[in-house]
Amino acid sequence: MKYTAVYEPDMKSCGVLDLQLLSRYLQDRVPMETLLEGTGLQQDRLYAPDTHITLMQKLATFSNAINNTSEPGLGLKVGQQARFSDFGVLGYAVFSSSTLLDALMMGFKYLRLAGPVLKKTMWVEDDVGYFRADQLVELDSLLPFCSEYWFAAILSLCEEVIQQPFPSKAIYFPFPAPEYAELYEETFHCPVYFNSKHLEWHFDATKLYEPLPTANPMTLSMCLKSCDEMLEKVSGALTLNEKITQMLLENPGRYPSIEVVSSELGMSSRTLRRHLKNENTGFQDILDHVRFSLARHYLRSTQISIEDISERVGFSDPANFRHAFRKWSGASPRDYRNQLCA
């Protein structure tokens with residue numbers, strides 16, 4: 001199942017967390033004035049919580065860093081410095097998630113707060129998980145640095161949250177092997193391939209569903225509200241459909257009613273229904289879509305029993321789940337799974 005969690009860079013409004021990591025790492029070697037030269041950015045704004053910059057300003061800063069240091073694998077080393085404490089409330093939210101899958105899905109949702117420059121996609125096929133990154137803007141000589149930083153930061157953060165080595169299988173980079181290629185395998189502890197078609201990372205997906213030692217539902221709930229407020233400032237308003245989908249995905253198997261959702265959105269359920277009708281959808285349609293997407297994922301990518309899947313997608317009676325799934329897909333859950341295995 002390819003997850004709907006896809007991040008596309010906003011060329012007009014990016015977060016600056018990666019620039020903060022970069023400037024901190026280079027603080028004794030590259031003066032801040034040199035790092036920000038030609039970007040129009042002010043030093044005192046780099047650490048302000050409400051600072052957002054354009055994608056071009058970010059790339060110009062990266063270019064200044066590379067041109068003023070000869071350190072091999074700069075992106076790898078900056079990415080390895082990433083810690084959840086650097087990401088403020090977003091870091092605490094991810095760190096408090098129930099499973100690594102929840103943490104990653106949440107990370108994708110709020111990636112705009114960190115401001116990556118590559119389009120990101122994650123999906124799972126059988127027991128293998130995939131991260132892929134694509135360029136929306138030609139990065140040219142900056143591609144190795146951006147690729148190194150993103151993968152190294154993900155590795156550092158994932159290992160911090162699971163408190164064990166990340167189960168990498170292989171990593172593919174769409175550029176020639178640099179002179180310091182051995183640093184890649186030392187960093188990622190898996191086979192590394194260059195001149196590949198895609199920028200892609202394969203990993204053992206079975207780890208996605210294991211409980212996290214740092215899970216804290218209360219902390220998570222508080223942090224999510226703050227994340228939503230910050231995301232609103234960065235990327236503007238989401239559609240009602242998108243907002244409701246996110247609220248439902250954040251509560252798998254314990255979906256809030258339309259009354260609860262409408263209250264969270266500051267309107268009556270009647271008003272919410274009217275607005276959704278204007279978007280050519282309805283609350284039950286959105287809920288069914290979320291349930292169907294999750295059910296297909298569990299049937300395709302896990303060996304969880306039909307009864308357990310029923311509960312995970314919010315059905316107290318497995319018979320009702322089977323009836324609903326047949327309505328959505330034209331096949332029973334068991335037949336759907338068997339067809340995939342055939």
Side-chain angles (χ1 to χ4, degrees), residues 7 9 14 16-39 55-83 86 111 114-122 128-160 165-204:
Y7 165 79
C14 295
V16 294
L17 290 173
D18 45 6
L19 296 193
Q20 293 171 2
L21 285 175
L22 179 63
S23 65
R24 189 173 67 197
Y25 183 77
L26 295 175
Q27 61 183 348
D28 295 328
R29 288 170 288 169
V30 180
M32 186 69 78
E33 297 86 347
T34 302
L35 190 63
L36 300 180
E37 184 178 0
T39 66
L55 180 60
M56 294 301 104
Q57 287 176 310
K58 179 165 291 193
L59 295 180
T61 307
F62 289 165
S63 182
N64 288 341
I66 294 170
N67 292 336
N68 286 279
T69 179
S70 57
E71 184 168 359
L74 178 63
L76 294 173
K77 295 171 183 177
V78 174
Q80 286 177 297
Q81 307 303 309
R83 298 293 183 270
D86 297 314
L111 263 176
V117 301
L118 296 164
K119 175 181 177 180
K120 314 294 196 319
T121 309
M122 182 185 78
V128 180
Y130 301 83
F131 293 126
R132 178 180 291 180
D134 297 292
Q135 301 179 72
L136 293 186
V137 175
E138 181 58 48
L139 296 177
D140 196 34
S141 61
L142 289 178
L143 180 58
F145 172 85
C146 294
S147 303
E148 292 171 4
Y149 169 77
W150 181 52
F151 277 169
I154 286 183
L155 179 69
S156 177
L157 295 171
C158 283
E159 291 190 340
E160 184 179 2
F166 187 75
S168 301
K169 287 182 173 290
I171 295 187
Y172 301 82
F173 292 94
F175 47 81
E179 294 181 358
Y180 54 88
E182 70 280 358
L183 291 180
Y184 282 72
E185 291 200 7
E186 292 176 10
T187 299
F188 299 109
H189 304 291
C190 69
V192 178
Y193 303 95
F194 295 95
N195 289 317
S196 301
K197 185 176 180 180
H198 298 289
L199 174 57
E200 202 165 274
W201 189 353
H202 301 179
F203 59 92
D204 179 3

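Both backbone and side-chain heavy atoms feed into the values below; hydrogens, waters and symmetry mates do not.
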**Fill in**
Residues S147 and F175: closest non-hydrogen pair is OG-CE2, 3.7 Å
**Fill in**
With M122 as partner, the option from Y130, W201, F131 fulfilling side-chain contact (heavy atoms from CB on, under 4.5 Å) is F131
**Request:** Look only at the side chain of T69 and the backbone of A65, and say whether a donor-acceptor pair between them is shorter than 3.5 Å.
**Result:** no
**N/O donor-acceptor pair under 3.5 Å between N64 side chain and E37 backbone** = yes
**Item:** Step-by-step side chain to side chain contact (heavy atoms under 4.5 Å, CB included) determination, C190 to K169
**Value:** CA-CA 6 Å; C190 69; K169 287 182 173 290; over 6 Å; no
**Request:** With rounding to the nearest 0.5 Å, note down the distance linking CG in L36 to OG in S23.
**Result:** 8.0 Å
**Asked** Quick one: side chain to side chain donor-acceptor pair (under 3.5 Å) partners of E33, sequence neighbours excluded?
**Response** Q43
List, one per line, each side-chain donor-acceptor pair under 3.5 Å for residues 70-81, sequence neighbours excluded.
residue	atom	partner	partner atom	Å
E71	OE1	R29	NH1	2.4
E71	OE1	R29	NH2	3.4
E71	OE2	Y25	OH	2.5
E71	OE2	K77	NZ	3.3
K77	NZ	P72	O	3.2
Q81	NE2	K77	O	3.2

**Item:** Non-neighbouring partners of E160 that pass salt bridge (Lys or Arg N to Asp or Glu O under 4.0 Å), sequence neighbours left out
**Value:** none
**Message:** Can a donor-acceptor pair be found, under 3.5 Å and without considering hydrogens, that links the side chain of T187 to the backbone of L183?
**Reply:** yes
**Prompt:** Hey, what do you get for OG1 (T61) to CD1 (I66), rounding to the nearest 0.5 Å?
**Reply:** 11.0 Å
**Validation row: F194, P178 side chains within 4.5 angstrom (heavy atoms)** = yes
**Message:** Using 0.5 Å steps for rounding, measure from the CG atom of L199 to the CG atom of L143.
**Reply:** 6.5 Å
**Message:** Checking the side chain of T34 only, and the main-chain atoms of V30 only, is there a donor and an acceptor separated by less than 3.5 Å?
**Reply:** no
**Prompt:** Does the pair Y149 and L22 meet the rule for a side chain to side chain contact (heavy atoms under 4.5 Å, CB included), with working shown?
**Reply:** CA-CA 10 Å; Y149 169 77; L22 179 63; over 6 Å; no
**Prompt:** Is the distance between the ring centroids of Y172 and H202 less than 6.0 Å?
**Reply:** yes
**Prompt:** Using 30° and 60° as the class limits, which term best fits the ring planes of Y184 and F188: parallel, tilted or perpendicular?
**Reply:** tilted
**Asked** So, for F173 and F151, is the gap between ring centers shorter than 6.0 Å?
**Response** yes
**Request:** Find the distance between CG (L35) and CG (N67) and round it off to the nearest 0.5 Å.
**Result:** 11.0 Å
**Message:** Looking at E159 and P165, would you say the former's side chain and the latter's main chain have a donor-acceptor pair under 3.5 Å?
**Reply:** no
**Pairwise distance CG(L19) to NZ(K58) - rounded to 0.5 angstrom** = 5.0 Å
**Message:** Contact between S156 and R83 at the side-chain level, heavy atoms closer than 4.5 Å - yes or no?
**Reply:** yes
**Request:** Look up atom CD1 in I154 and atom CZ in F203, then write down how far apart they are to the nearest 0.5 Å.
**Result:** 9.0 Å
